[in-house]
Amino acid sequence: MRRGFMPSRDSERSCIPPTIWHRSLAAASLKVHGIKPASRYWLQLEGSLTKALQLCCQHSFHVEVVREGFLRPTREEALTLNIPQRQLAWIREVRLCGDGEPWVLARTIIPRTTLDGKGRRLRHLGRMPLGAYLFSHRQWRRGPFETGLCQARNASQPDVARRSCFNSPEGSLLVGEYFLPTLLAAHPLGRT
Ligand SMILES: C=C(O[C@@H]1C=C(C(=O)O)C=C[C@H]1O)C(=O)O
């Protein structure tokens, strides 16, 4: 079982806690005393997370860009994407907010080669959800999910996450989604 420990990087600036990645939800479940039903629901959700969150909103959904730019991925992220360990990548960290409050933190790593050609659009998403781009271009295919166990530093931080690679002829990118307690409390089983 491949496990990746993502040590805190720029931890004083990143809002995302260090996370240990496991090949599957079952593998991650063996490491903790059970994973809550609400966490399981969101960890296993198929399709666009953005769309699922929008269905839970009473009045508004928006993306807050926390930081975006050419930064160095962690060694573990570079290994996952099979890119040189010291190569910069376009890194996007956002909050996905429902009805005005953050529900999901997301961290996306986009290798430089993926930004060539049509992929250059990925540097200019701004407040447009990444999923709106990926799921509207058929050449992008999502790989399997890994489950992450976060080292939350306080009760407002996520304790579970998922991540997957999206692949296309233009290249790949790695999307991590960290589920906040606010979402799990308000919408334990998604739209009701
Ligand atoms: C991949 C998706 O895009 C979402 C939007 C993101 C963004 O705008 O940066 C990042 C992760 C996702 O939760 C999705 O909607 O499933």
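Order of listing sets the numbers, starting from 1, for every ligand and every atom in it.
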Discussion item. Can a donor-acceptor pair be found, under 3.5 Å and without considering hydrogens, that links the side chain of Arg92 to the backbone of Gly126?
Written reply: yes
Worksheet item: So which of Glu177, Glu146, Gln44 actually passes side chain to side chain donor-acceptor pair (under 3.5 Å) with Arg162?
Response: Glu177
Response to the item:
Taken to the nearest 0.5 Å, the spacing of Ile109 CD1 from Leu71 CG works out to 8.5 Å
Practice prompt. Look at atom 9 (O) of ligand 1 and say which protein heavy atom is nearest, naming residue and atom and giving the distance to 0.1 Å.
Written response: Arg92 NE, 2.7 Å
Fill in: Numbered atoms and elements of ligand 1 in range of Val94, under 4.0 angstrom, heavy atoms
7 (C), 9 (O)
Worksheet item: Going by atom types alone, do Arg163 and Thr19 pair a side-chain donor with an acceptor below 3.5 Å?
Response: no
Worksheet item: Under the criterion side-chain contact (heavy atoms from CB on, under 4.5 Å), which of Cys57, Pro102, Ser60 is the partner of Cys97?
Response: Pro102
Item to complete: Report yes or no: does Val175 have a heavy atom closer than 4.0 Å to ligand 1?
Response: yes
Practice prompt. Starting from atom 3 (O) of ligand 1, find the nearest protein heavy-atom neighbour and note its residue, name and distance.
Written response: Gly131 N, 2.9 Å
Discussion item. For atom 10 (C) of ligand 1, what is the closest protein heavy atom, and at what distance to 0.1 Å?
Written reply: Ala106 CB, 3.5 Å
Worksheet item: Among protein heavy atoms, which sits nearest to atom 8 (O) of ligand 1, and what does the distance come to when rounded to 0.1 Å?
Response: Leu130 N, 2.8 Å
Practice prompt. Heavy-atom contacts with Pro129 under 4.0 Å: which atoms of ligand 1 show up? List them by number with element.
Written response: 8 (O)
Worksheet entry | Heavy atom of the protein closest to atom 13 (O) of ligand 1 (residue, atom name, distance) | Glu177 OE2, 2.7 Å
Fill in: Distance-only side-chain donor-acceptor flag, Gln54 / Thr50, under 3.5 Å
no
Worksheet item: Of all the atoms in ligand 1, which lie at a distance below 4.0 Å from a heavy atom belonging to Phe135?
Response: 14 (C), 16 (O)
Discussion item. Counting neighbours of CD on Gln58 that are heavy atoms of other residues, nucleotides or ligands and sit closer than 6.0 Å, is the number greater than 12?
Written reply: no
Practice prompt. Give the residue, atom name and distance (to 0.1 Å) of the protein heavy atom nearest atom 4 (C) of ligand 1.
Written response: Thr50 OG1, 3.4 Å
Worksheet item: Is there a side-chain contact between Ile20 and His22, using heavy atoms and a 4.5 Å cut-off?
Response: yes
Worksheet, complete the sentence: atom 16 (O) of ligand 1 has as its nearest protein heavy atom Leu49 N, 2.8 Å
Worksheet entry | Location of contacts on Leu96 toward ligand 1, heavy atoms closer than 4.0 Å | side chain
